[in-house]
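For reference, the structure discussed in these notes is given below.
Nothing fancy with the numbering, it's 1 onward along the sequence. All values reported here derive from a predicted model rather than from experimental measurement.
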Amino acid sequence: MLEGTSEMSRDGTRVTFAGSPLRVPVGPGWLGRVCDGRGAPLDSGPPVFGTSTAPAGGLPLNPTWRVPPAEPVLTGVSAIDLLTTFVRGQKIALFSAAGLPHLELAAQQQPGTQGCDDFACE
């Protein structure tokens, strides 16, 4: 389903299988355009045409093509550095129960972190 189903009923709905995934046109006609997930223009412009088509869902990402993390970030907290080593570019979430020093731990990481110059706590 690509849209809401609130106004659909089982009695008034028919399904036809196309035999292939939904495809949208691709090409330079997309430059500067605003369209929905089906390729319909949202900017009051003409329909987008392309030189070829591609599946609307995109192509799956092969995880073996990703570059493995290689730059560790040393926090100075041995439990983190040994058990859950952080790497450059990784988003870090700190979870804590009420009353535990999670804010102090997050604030401690910025000045004491080695291997990452642009480490920031948010």
Go through the steps to decide whether Glu71 and Val87 satisfy the test side-chain contact (heavy atoms from CB on, under 4.5 Å), and finish with yes or no. CA-CA 5 Å; Glu71 297 180 47; Val87 293; 5.8 Å; no
Those residues at least two apart in sequence (or on a different chain) that pass salt bridge (charged side-chain N to carboxylate O under 4.0 Å, His left out) with Asp43 are Arg33
What one should report as the nearest heavy-atom pair of Pro41 and Cys35 is CA-SG, 3.9 Å
Sorted by chain and residue number, the side-chain contact (heavy atoms from CB on, under 4.5 Å) partners of Asp11 (sequence neighbours excluded) come out as Ser9
Is Trp30 reaching over with its side chain to a backbone N or O of Pro25, donor-acceptor style, under 3.5 angstrom? yes
